[in-house]
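Numbering starts at 1 and runs along the sequence shown.
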Amino acid sequence: MAKGDGACGDSWIAKEMHKGVERCSRLSETVRLLLCVGGIFICYLVFGIFQEKVTRGTFGENHERFVYATGLVFCQCLVGSLFSGLVLYIQPEVPHNAPAHLFAMCSSTYVLAMITSNKALEYVAYPVQVLLKSCKPISVLLLGVLLAGKRYSAQRYACVFLIVIGVGVFMYPSKNRPPKEVGSEVLGVSLLGLSLVFDGLVGAVQEKINVFRVTSFQLMFATNAYGFVYLSAALLLSGEGFGFVSFLSRYPHAVGDIAAFSFVSALGQSFVFLTITNFGPLVCSLATTLRKFTTILLSIVLFGNHLLGRQWLAVMIVFFALLLETLSKRAKTTPSNAVLPDKRPTDNV
């Protein structure tokens, strides 16, 4: 074989190897995307099932309801701090110099958002809670305008206006409802409104924390650790801790439900962080928005919740507006600035 022919052969082999590497890289990225988004969906769908089972279900022959929202969030913070602490122990990260009072503020607002959100489930159906908690853009916009003097695009205002319309249609009272039922729903919606305000404050404090280049798991650990301390004191001083322990002793199977609820909450946050780090906040926001819609569908199928025709229309309006709002935003933070998600599981969500 001539020398030129050998060179051509080597060149062809190199090109084919390069194409093979590119195909493997694309496949690897697709697999990672499916794992991250699938992890968010699976974790937070399971989270929703256990949350509704505990907070909306009944226990024992007397059909006793679970009314210990503080105890539930306490378990979440305990597992969240242990989970993130273990991650940081296995894979240490660069220390930060963020002041402790910022973490204390972030944790207090985070804990209050979680407690009010879970407490609301004593008064409203689970799909109502998921839909209203999805309306975080309203509180973020209002707090941004009123407290920080921010200005937003016309498209952002239009999206929020659509969300308000959708919520109004969803919550419009039906005829011939008992006053007691209406009063209970008003209380639940008020608690969810407070939760959204606290969610907005969490975001405002996290923006200040991000200046110090705090990583996701460092923020997760600090927020949950402070929350664990706050809630330990709250359970003891209020006496709710004794009632919470007594309830678990009467219904031991609830311990497993709460443990699973807390674990998938922490694991779901990890998948959110991984998605933001690898694919950016836009992909993560789209995944969490679609997950919330799926959670409503799953709640209707598994727990027999019923929506009227206009409420289905309202759900479509709200999630359409959320998708528009997500697509209209431009990511302004780097992956290392990833913050705690909605709720929440998941913000959630």
Side-chain angles (χ1 to χ4, degrees), residues 44 106 109-121 123-173 185-207 272 281-282 284-293 295-296 307 310-333 339-349:
Y44 282 111
C106 181
T109 50
Y110 171 74
V111 163
L112 289 170
M114 295 293 291
I115 290 175
T116 49
S117 176
N118 282 286
K119 193 70 178 175
L121 286 170
Y123 307 103
V124 297
Y126 195 72
V128 176
Q129 190 249 29
V130 175
L131 183 73
L132 294 185
K133 282 291 287 181
S134 300
C135 300
K136 186 178 176 181
I138 298 175
S139 62
V140 171
L141 184 142
L142 288 176
L143 290 173
V145 171
L146 297 176
L147 300 183
K150 291 184 178 180
R151 293 292 180 267
Y152 299 95
S153 66
Q155 188 174 1
R156 190 83 179 271
Y157 284 107
C159 291
V160 170
F161 179 73
L162 273 178
I163 293 171
V164 172
I165 294 295
V167 171
V169 172
F170 187 93
M171 299 305 302
Y172 187 80
E185 189 171 85
V186 168
L187 179 56
V189 171
S190 299
L191 286 168
L192 289 170
L194 273 177
S195 182
L196 286 173
V197 171
F198 289 129
D199 276 336
L201 294 174
V202 170
V205 178
Q206 285 179 344
E207 285 185 6
V272 168
L282 177 61
C284 184
S285 295
L286 289 172
T288 53
T289 299
L290 294 173
R291 189 278 306 170
K292 290 171 186 175
F293 180 75
T295 296
I296 292 178
L307 295 184
R310 63 173 171 80
Q311 290 179 315
W312 277 113
L313 174 63
V315 169
M316 297 298 181
I317 291 173
V318 169
F319 281 98
F320 175 71
L322 288 172
L323 287 173
L324 283 181
E325 197 261 350
T326 299
L327 292 171
S328 68
K329 288 189 295 187
R330 294 291 180 266
K332 295 183 179 180
T333 57
V339 297
L340 282 176
D342 180 18
K343 331 35 93 209
R344 215 161 93 18
T346 331
D347 199 256
N348 221 171
V349 126

In terms of heavy-atom contacts, S134 and V130 come closest through OG-O, 2.7 Å
Working to the nearest 0.5 Å, report the span between OG of S285 and CG of L323. 10.0 Å
Straight-line distance of S117 OG to F198 CZ, nearest 0.5 Å: 12.0 Å
Whether over 12 other heavy atoms sit under 6.0 Å from Y157 OH: yes
How close do L324 and C159 get, counting heavy atoms only, and between which atoms? CB-SG, 3.7 Å
Does a side-chain heavy-atom distance below 4.5 Å link Y152 with V145? yes
Taking the side chain as every heavy atom from C-beta outward, state whether Y126 and I296 have any pair of such atoms under 4.5 Å apart. no
Whether the side chain of S195 engages the backbone of L191 through a donor-acceptor N/O pair (distance < 3.5 Å, no angle test) should be reported. no
On a heavy-atom basis, which atom in V197 and which in L143 lie closest, and how many Å separate them? O-CD1, 3.7 Å
Working to the nearest 0.5 angstrom, can you tell me the gap between I163 CD1 and F319 CZ? 10.0 Å
Using 0.5 Å steps for rounding, measure from the OG1 atom of T288 to the CG atom of L286. 8.0 Å
Could you tell me if the side chain of D199 sits less than 4.5 Å from the side chain of K133, heavy atoms only? yes
Residues T289 and T326: closest non-hydrogen pair is OG1-OG1, 4.1 Å
What is the minimum heavy-atom distance between L196 and C135, and which atoms define it? CD2-C, 4.0 Å
What distance do I138 atom CD1 and E325 atom CD have between them, rounded to the nearest 0.5 Å? 10.0 Å
Kindly indicate whether the side chain of F170, heavy atoms from C-beta on, has any atom under 4.5 Å from the side chain of L307. yes
Just how far is it from atom CE of M316 to atom CG of L313, taken to the nearest 0.5 Å? 8.5 Å
Taking the side chain as every heavy atom from C-beta outward, state whether M171 and E185 have any pair of such atoms under 4.5 Å apart. yes
With heavy-atom distances below 4.5 Å as the criterion, would you say the side chains of L282 and L327 are in contact? yes
Do F293 and L322 come within less than 4.5 Å of each other through their side chains, counting heavy atoms only? no
Which heavy-atom pair separates V160 from P137 by the least distance, and what is that distance? CG2-O, 4.0 Å
